[in-house]
Novice: 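Pasting a structure below so you can have a look.
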Protein chains: 2
Amino acid sequence: MVSCKAEDEFIENFGLFMESHSIFPRIAGRIYGYLLICSPPHQSAKDLVNRLRITKSSVSSMMRLLLQSKLVEEINLPGERPRYYRIKERGWENIFLENLQAFSAIRALLGEGRSLLDNREAEMLDRIEELDELYAFFEKEMPPLIERWKKFRKKEIKR
Amino acid sequence: MVSCKAEDEFIENFGLFMESHSIFPRIAGRIYGYLLICSPPHQSAKDLVNRLRITKSSVSSMMRLLLQSKLVEEINLPGERPRYYRIKERGWENIFLENLQAFSAIRALLGEGRSLLDNREAEMLDRIEELDELYAFFEKEMPPLIERWKKFRKKEIKR
DNA sequence: CACTAAGTTCAGTATATACTGAACTAACTA
DNA sequence: TAGTTAGTTCAGTATATACTGAACTTAGTG
């Protein structure tokens, strides 16, 4: 339950970052930030309550978010009753991958819009096709990018 | 001011998509969706009020958002008083590019966190370095990706 | 100038969400 | 079994934001 100013600042900034990018509520961001730097890397709900000065109901609901999005995982320590929480490996990586689905979703939508403009002069189509091409490009480029990432990651692990 | 069911549906779905991905409020999304498929491609505030059944104050405030984010632009037609609005070229492309700044922001933050863990065993650093590497990878890969996009776009224009 | 249309601002309403505190349930321990 | 700890749920509060309607400002037109 030791706290220090630099840590507090990091935790707070992390929470603010997550909130301002509307990724997660502030408290969820603070929990995640703390789990990135705490020792040991696993902490109980009670630890979080004490360290972050938040209520246990906040921990409960925010932790549900973090667990659902698979950024944090639960562990049990033998002989200890409380659950512990820690950063889950590859959390963000997996979220990135899942988000690629949004590309196909918006392209499907744009296809609907495109069909409303059938039999129009080409100029009428430009605005919607420009957007569709952007997403088509990403759909094409993302899989190889991911492959490069996987190689990159393996190299880093060996290091 | 002609409206049809398929159009309405597209407009509504576009608004819902924008809202659910918390990109823009629903009405801003509906305006943008309509501007993607309307003819002519430019519409006045009054047109939008009539077509989309929203108030002119909504148009005013949501249009401010769309103009600020440079997804929509104003034009004036000679001899006509009202301003017209239309989809701005490269709008999303530019937003993507600007968002790359977030990568450096979070890496700076992670650097702060990393320094809090100095003089710890390597295992303690894994969780934060894994995340930093993900962003480092994107920072490295994004510029060439953008270059490929620029080439791709030019090819499409020639087509 | 008076009149009309274009456009903004602002107060008010509705709605969603973050967070808390307290009550509750579930599970272990003496 | 009683007592303690872990954890969830839920009602209530605070806050932010979307959207509206009405009042206002600005600019053109007879």
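Throughout, protein chains are lettered first and strands after them, A, B, ... in sequence-line order, and every chain is numbered starting at 1.
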Novice: So which of residues 55-62 of chain B are in contact with DNA chain D, with a heavy-atom cut-off of under 4.0 Å?
Specialist: B:Thr55, B:Ser57, B:Ser58, B:Met62

Novice: Rounded off to whole Å, could you give me the CE-to-P distance for the A:Met18 and C:dC19 pair?
Specialist: 12 Å

Novice: Among the nucleotides D:dG7, D:dC19, C:dT20, which one has an atom lying closest to any side-chain atom of B:Arg26?
Specialist: D:dC19

Novice: Using a 4.5 Å cut-off between side-chain heavy atoms of Ile, Leu, Val, Met, Phe, Trp and Tyr, which other residues end up in the same hydrophobic cluster as A:Leu16?
Specialist: none

Novice: Rounded to whole Å, how long is the line connecting atom CG of B:Asn50 with atom C1' of C:dA5?
Specialist: 13 Å

Novice: Distance check needed: C:dT20 C1' versus A:Arg53 CZ, whole Å only.
Specialist: 15 Å

Novice: Not counting sequence neighbours, which residues clear ring-ring contact (aromatic ring centres under 6.0 Å, His included) with A:Phe137? List them please.
Specialist: B:Trp149, B:Phe152

Novice: Give every residue pair that meets the side-chain hydrogen bond (donor to acceptor under 3.5 Å, both in side chains) criterion with at least one member in residues 99-112 of chain B, sequence neighbours excluded.
Specialist: B:Arg107-B:Asp132, B:Arg107-B:Glu139

Novice: Under 3.5 Å, is there a donor-acceptor pair between the side chain of A:Ser69 and the main chain of A:Leu65?
Specialist: yes

Novice: Rounded to the Å, how far apart are B:Asp47 CG and C:dA6 P?
Specialist: 10 Å

Novice: Given 3.5 Å as the limit, does a donor-acceptor pair link the side chain of A:Glu130 with the main chain of B:Arg90, or not?
Specialist: yes

Novice: List for me each residue that meets ring-ring contact (aromatic ring centres under 6.0 Å, His included) alongside A:Phe17, sequence neighbours excluded, and say none if there are none.
Specialist: A:His21

Novice: Walk me through whether A:Ser44 and A:Asp47 qualify under side-chain hydrogen bond (donor to acceptor under 3.5 Å, both in side chains).
Specialist: CA-CA 5 Å; A:Ser44 70; A:Asp47 295 334; 3.1 Å; yes

Novice: Which sits closer to the 5' end of DNA chain C, B:Glu74 or A:Pro25, going by the nucleotide each is nearest to?
Specialist: B:Glu74

Novice: Counting just side-chain N and O atoms, does A:Arg83 come under 4.0 Å of either OP1 or OP2 of D:dT8?
Specialist: yes

Novice: Please check if atom CD in A:Glu80 has more than 12 non-hydrogen atoms from other residues, nucleotides or ligands closer than 6.0 Å.
Specialist: yes

Novice: Taking atom CD as the centre, does B:Glu74 end up with more than 12 heavy-atom neighbours from other residues, nucleotides or ligands that are less than 6.0 angstrom away?
Specialist: yes

Novice: Would you mind building the protein contact string for nucleotides 25-30 of chain D? One character per nucleotide, 5' to 3', B for base within reach (heavy atoms under 4.0 Å), S for sugar-phosphate only, - for untouched.
Specialist: -BBS--

Novice: Round to a whole Å and report the spacing from CD of A:Glu80 to P of C:dT29.
Specialist: 12 Å

Novice: Can you check the B:Leu48 CG to D:dT20 C1' distance for me, whole Å?
Specialist: 17 Å

Novice: Write down the distance between CD1 (A:Ile27) and C1' (C:dT17), rounded to a whole number of angstrom.
Specialist: 12 Å

Novice: C:dT20 P sits how many Å from A:Leu52 CG, rounded?
Specialist: 11 Å

